[in-house]
Amino acid sequence: MEATNLINEGLTLMVFGMGFVFVFLTLLVFITGMMSRLVERFIPEPQPVLATAAPAPVAATDDGQLVAVISAAIKQYRSRHPR
Amino acid sequence: MEATNLINEGLTLMVFGMGFVFVFLTLLVFITGMMSRLVERFIPEPQPVLATAAPAPVAATDDGQLVAVISAAIKQYRSRHPR
Amino acid sequence: MEATNLINEGLTLMVFGMGFVFVFLTLLVFITGMMSRLVERFIPEPQPVLATAAPAPVAATDDGQLVAVISAAIKQYRSRHPR
Amino acid sequence: MDKLILLFTSSGLFNLQLGQAVMIAVGLLLLFLAIKKNFEPLLLVPIGFGGILANIPEAGLAFSAVENALHLGGPEVINAIAQALGLDAGADTMAIKAAYGSSDAASHLLAVQTALDANFNNGMLYNFYTISIASGAAPLLIFMGVGAMTDFGPLLANPKTLFLGAAAQFGIFATVLGAVGLTAMGVMDFSIKDAAAIGIIGGADGPTAIYVASLLAPHLLGAIAVAAYSYMALVPMIQPPIMRLLTTESERKLQMTQLRHVSKTEKIFFPLLLLILVAMLLPDAAPLLGMFCFGNLMRECGVVERLSDTAQNALINIVTIFLGLSVGSKLSSDKFLDLNTLGILLLGMVAFAIGTACGVLMAKLMNKFSSTPINPLIGSAGVSAVPMAARVSNKLGLEANPQNFLLMHAMGPNVAGVIGSAVAAGVMIKFVG
Amino acid sequence: MDKLILLFTSSGLFNLQLGQAVMIAVGLLLLFLAIKKNFEPLLLVPIGFGGILANIPEAGLAFSAVENALHLGGPEVINAIAQALGLDAGADTMAIKAAYGSSDAASHLLAVQTALDANFNNGMLYNFYTISIASGAAPLLIFMGVGAMTDFGPLLANPKTLFLGAAAQFGIFATVLGAVGLTAMGVMDFSIKDAAAIGIIGGADGPTAIYVASLLAPHLLGAIAVAAYSYMALVPMIQPPIMRLLTTESERKLQMTQLRHVSKTEKIFFPLLLLILVAMLLPDAAPLLGMFCFGNLMRECGVVERLSDTAQNALINIVTIFLGLSVGSKLSSDKFLDLNTLGILLLGMVAFAIGTACGVLMAKLMNKFSSTPINPLIGSAGVSAVPMAARVSNKLGLEANPQNFLLMHAMGPNVAGVIGSAVAAGVMIKFVG
Amino acid sequence: MDKLILLFTSSGLFNLQLGQAVMIAVGLLLLFLAIKKNFEPLLLVPIGFGGILANIPEAGLAFSAVENALHLGGPEVINAIAQALGLDAGADTMAIKAAYGSSDAASHLLAVQTALDANFNNGMLYNFYTISIASGAAPLLIFMGVGAMTDFGPLLANPKTLFLGAAAQFGIFATVLGAVGLTAMGVMDFSIKDAAAIGIIGGADGPTAIYVASLLAPHLLGAIAVAAYSYMALVPMIQPPIMRLLTTESERKLQMTQLRHVSKTEKIFFPLLLLILVAMLLPDAAPLLGMFCFGNLMRECGVVERLSDTAQNALINIVTIFLGLSVGSKLSSDKFLDLNTLGILLLGMVAFAIGTACGVLMAKLMNKFSSTPINPLIGSAGVSAVPMAARVSNKLGLEANPQNFLLMHAMGPNVAGVIGSAVAAGVMIKFVG
Ligand code: NA
Ligand code: NA
Ligand code: NA
């Protein structure tokens, strides 16, 4: 009795849990896809600017990446994410 | 009376305290020595690796500083006071 | 009644507040000036050193990170324990 | 099936109130301003994000355990809390919340324990707020870090620029008067404490504004912090017209004499002098200016590099994250979406404008009597908003005369403004706190 | 002489219980696995060391002041506490502990004060646990840091890999069913809350597992955290056989098309979209995914580098130290050395295996219907365990075909798995919390 | 007008008491010693500054909400608190403070709540002290960082130098005897707990001294911490004469044999062995030595660089700032300006001298029986004060013989001294705690 009750709880948790996870991530897939299309359409990465005004931001992000890269490299070689 | 009492407490504290410190550290001396011998016997440092792997950690600490340094520099450029 | 009361509070706050701010900063102006004169008189920056040590502070002011970096590096080697 | 209904009825969508939706939009707006328009991003990114988190329906991230229990709990829990607070079972939630707010130690603790026993917890943001702002620690630690980032050299080279930092604080007190005036006219509804907290926006100094608001008007903290940081970001737009209006072309052309070299010793003595002066004249400003001087001493004394470095980086960054999220937790629709917020935004703008004007006028006055020339443009830097205000002075100076580099000269009044508004804050706390 | 006896009778050796000895050995084993076998050392070193500290006889590092008073105090102290809790003097320790656990606010506080007055304090690890885990703060802050370390580029380039992250969560729920099944059969003794907390091990995500366990089954937290991190470390051993079993050589050879370039703007919008979706559908997942999105936004928005940097380094490291020691404080013999722990380890392993299998099978299914080829090997990365699982996919891909670089393709499902298990955690908290 | 009077009567100048003025001077003196004379600046700068802040009249930064209410509040508040503590209205402040100190849970909380309701708060430094020192956390975290900075290589290469670390602790116990002796003679007035806490100054180890003082004699903490750090800074002046007195020129010339190479594995095992030994023999030393070993293991295990790095930098720096300010908060005139402080300074000096002498004599003794030569100069390093004491040994060695580099040899006893004084601290806590 108590046991079957527990089993039932487990089953509902499984059905609804898995169902919800799929619903949620499916929605996320669609919303993300839509967002990407909208961004490409309305907020494209400036092509000309990339040549001219890029240096500043690029430079910035470049050392950003440099650091990221180096530290990532060192991190991986020393240790993995603290999780 | 109260005074002599206090003195006695001080004396016992000295005798037992000093005694315990010596006992403790003497034990540590022996255990450490034993450990070192056992390690040398059973977990010797691999000779070949010592040649190759020695630079590695050094390198690691070096890039450690490099990264620290670069990110510090970049931080100071990019970020304004967080106010 | 209540309103005028509130207005009065606001007015006093303004008069005394502004007054106090001026008094305080005026005092600070004088004390600071005095301090500077006393320092120049009694604790002058050593002239010979100024020739050699001038670069250091200059460097410090125009790019603090260089110093930060060097000291960081040095620190990592021989920073004394904060104890 | 019931599970499905539960899932739906407890979803955010089902419980979303208009106010929450609007506040989420406000949060997104703040993020947009911070990320795209570069409005003080270090603060407005955490504040905006915290504002969104605080308005997630049913999550109760910004509420205490008791508030969450009253909102989400069943009747038995609510009644238990009501009884813990000395009300009879069946009292309505509003009444219980009121009783909770004004309960004495024993019943307060009993209510909390009741909520915890019923498995309700403080929201994450509520905990962050309690630790970082309610305790007063976060603004003070940020002020320490700011002190460690501040170079008083330009101020020491030309101490009378302190007067500019004083004059610019007039914006604070004028705003207080404005706030009480609007209340007297019945347009707004601010107590004198509220007015004082709003005035500090004119100090153009985030941590000071948050510190004062947390002491005098916690219910307005969200709006005040948002206004303070937004206007600091708007300095490059707010100040120039006022500065142009009040100065002539020739005045703006005025070049100032090269600043003298300031010795390390002077820089070490200054924070100590300032500390002593505060201790002797205005103890209520001691926490703010004390931590500020401590940070600056660590910077200048040259023997605690590692502490100064941590105060300027790891520590101030950590505190900024918590402070920002905590401020965001105060962006709840019931407190933010009312006329007062509009009033605060309006008055804050006025405060900035008046402060700027007074700084410039004071600079003109000083220029009359000063032996060395003083370019009125540096007066506007007295509102602090370090270092933007100084940059603005420099920019207008260069427009008028390409040889006219005012940046270093403007840094003096700029840091003087920080001291000035901290002193003003102390006076406020003393008189209406 | 009596001093000598006191010294001896209060020594660890004299008071060492078998359980404590075993747990110290377990702690040393964890350190060995972390240091020598490189099992998630960043967590298992602090956890293992904390486990040893928690089991030092008489030190009481993991106990509250009251527990320490009951264990070390004289009869008068114990009686005082008993009376504070409304028992009559002379009640036995077990009864007092029970009463303490279920006491109301007033008597609880009185008992604490009695213990403090008798000069007993909370153990260091007990304080760490209270602040970092009981408050829920530590796992959330680590999740924020993880968000700041996560690049959603690969996921955005190929969003349907989110389905793989969903499928792999089946391991979680299958394990819940397994746990309740074993209980129904009378083999184990888990409540539905325990089962849910155990299931999350299958999420292969440390902070999520700790967060859920601290809410649903604090008494199992030690075992669950140890299992979660151990199996994450074992991913390179657990997954390959399953992946080989379920895929054909030709499937493993399958090369995938180069991922498209993802713009900065998309990366900025994604965490906000995810946040809104969570807010609307599952408020209970808001703390976890909210902090995750906050960290990721700080990373991508590009205007708060210094905060992002601190979140990824100083802050996450500090929190990791405290979190690890606090988890270790839960490795007490009475809670860890029983059949349930064996059950947890067993079920955790099953959860991983099922999750991996479901990910691979889902990938095969998607490959059938997808326009672009999908190598089934990337499905296993859906369990998260970032970035090992993705590396495993890459490794097996290269074995089958030296030109077949799957790492970037596997990072998509890998980070999707993090989102998936956080969503699953939210559902658990909603339904059984 | 009344406002003007209020402003004046509540100014620091008007309320400055002689004691406060003197203590502010003491704070400035500490800053001078730290900045100009380089006396342990990392601690003495925050301590000195905290001391000044704590003595700002009317600011009440070092007081609890209740103390502030009693000092600044009107009669109605004071009476309310008196009644909360079960006294009748009109009880005088001293009586109320006494009652507050010895109140039970319920009334204690009621008093606190009453003060908070009357809008009085804990002073900033009071909060810092509660969190960092009263909880015991700060000294332990610093000890962890110190462990992460300590290299046991030299000690492992020559373990018998541990005996030097033991001998040098005699200074601690001799000082205890001195303290109780002076009390017995009626010169001073120290309890056995006070004496034990004072003795630890001889351990030449800041965090250990603060940790013990916070447990055994919180009212002496300020003086003890100041003495400990000052004398550590004075090591280069205190030790040499004693070392010269007790050694002959030829002994000082003595060269020691090159230390053997120590393997990584030994360095990893050592902290674990030490931990187990502490666990088995002296649980009361477990918090201190446990955290020390944890820090050292993080350093040596080589798989958690990022944690070790944070423990040695960001974390220890943050904790040092709070610890220093908190120690400063104990520099109140009533506690610091009495004969006992003089006694503490005197006894601390004696402790250092005796410790140094015993170390040197022990080294001479060992040199008699040792197969390899032992230069007596390294004995003085046994007091710890890492690394100054070792540098002193090296300096005197070079004076006697330009080829005689003792630094590495002196590091062994130097770190041994840290262990030795932590063990001594454990014994104290066990016997008189
Ligand atoms: Na200002
Ligand atoms: Na997962
Ligand atoms: Na020592």
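Note that these values count all heavy atoms, side chains included, but never hydrogens, waters or copies made by symmetry. In what follows, chains carry the letters A, B, and so on, assigned in the order in which the sequence lines appear, proteins first and then strands, with residues in each chain numbered from 1. All of these numbers come straight from a predicted model, not from anything done at the bench.
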Seminar exercise, completed: Residue set satisfying side-chain hydrogen bond (donor to acceptor under 3.5 Å, both in side chains) with A/Asn8, at least two apart, ordered chain then number -> none
Problem set entry | Rounded distance (nearest 0.5 Å) linking atom OG1 of A/Thr32 with atom CG of E/Leu155 | 7.0 Å
Exercise. What residue in A/Leu38, A/Ile43, A/Val23 has the most heavy-atom pairs under 4.5 Å with chain E?
Worked result: A/Ile43
For this session: Applying side chain to side chain contact (heavy atoms under 4.5 Å, CB included), run through E/Leu274 and A/Phe24 and close with a yes or a no.
Result: CA-CA 10 Å; E/Leu274 177 54; A/Phe24 186 95; 4.0 Å; yes
Problem set entry | Contact origin within A/Val39 toward chain E - heavy atom pairs under 4.5 Å | side chain
Exercise. When rounded to the nearest 0.5 angstrom, what is the spacing between CZ in E/Phe270 and CG in A/Leu28?
Worked result: 4.5 Å
For this session: Check the angle between the aromatic planes of A/Phe22 and E/Phe163 and answer parallel, tilted or perpendicular using the 30° and 60° thresholds.
Result: parallel
Problem set entry | Portion of E/Met362 that has a non-hydrogen atom of chain A nearer than 4.5 angstrom | side chain
Seminar exercise, completed: Distance col, row A/Glu40:CD vs E/His261:NE2, nearest 0.5 angstrom, shows 9.5 Å
For this session: Measure the shortest side-chain to side-chain distance between E/Thr265 and A/Phe42 over non-hydrogen atoms and say whether it is less than 4.5 angstrom.
Result: no
Seminar exercise, completed: Nearest heavy-atom contact between A/Met35 and E/Glu266 is CE-O, 3.6 Å
Exercise. Any salt bridge between A/Glu9 and E/Lys193, counting N to O under 4.0 Å?
Worked result: no
Exercise. Can you tell which of E/Pro159, E/Pro139, E/Gly145 has the highest number of heavy-atom pairs within less than 4.5 Å of chain A?
Worked result: E/Pro159
Problem set entry | Separation of E/Ile192 CD1 from A/Leu13 CG (nearest 0.5 Å) | 5.5 Å
For this session: Against chain A, work out which of E/Leu277, E/Leu323, E/Ile172 has the most heavy-atom pairs shorter than 4.5 Å and name it.
Result: E/Leu277
For this session: Identify the two heavy atoms, one from A/Leu25 and one from E/Ala166, that lie closest to each other, and give their separation to 0.1 Å.
Result: CD1-CB, 3.4 Å
For this session: Taking heavy atoms only and a threshold strictly under 4.5 Å, list by residue number the residues of residues 183-190 of chain E that touch chain A; give 'none' if the list is empty.
Result: E/Thr183, E/Ala184, E/Phe190
Exercise. Between E/Val432, E/Val176, E/Leu273, which shows the greatest number of heavy-atom pairs under 4.5 Å with chain A?
Worked result: E/Leu273
For this session: With rounding to the nearest 0.5 Å, note down the distance linking OG in A/Ser36 to CZ in E/Arg260.
Result: 4.5 Å
Problem set entry | Closest non-hydrogen atom pair, E/Phe170 against A/Met14 | CZ-CE, 3.4 Å
Exercise. Any side-chain heavy atom of E/Phe173 within less than 4.5 Å of one from A/Leu11?
Worked result: no
Exercise. Any side-chain heavy atom of E/Lys430 within less than 4.5 Å of one from A/Phe20?
Worked result: no
Seminar exercise, completed: Looking only at A/Thr26, A/Val15, A/Leu27, the option with the highest number of non-hydrogen pairs under 4.5 Å against chain E is A/Thr26
For this session: Please look at E/Ala424 and chain A and tell me whether the side chain, the backbone, both or neither of the residue comes under 4.5 angstrom of a heavy atom of that chain.
Result: both
Exercise. For chain A, which of E/Ala179, E/Ala167, E/Ser191, E/Ser421 has the most heavy-atom pairs under 4.5 Å?
Worked result: E/Ala167
For this session: Just give me the residue among E/Thr161, E/Leu177, E/Val427, E/Ile419 that pairs up with chain A most often, heavy atom to heavy atom, under 4.5 Å.
Result: E/Leu177
Exercise. Hey, does A/Thr12 have a side-chain heavy atom less than 4.5 Å from the side chain of E/Phe431?
Worked result: no
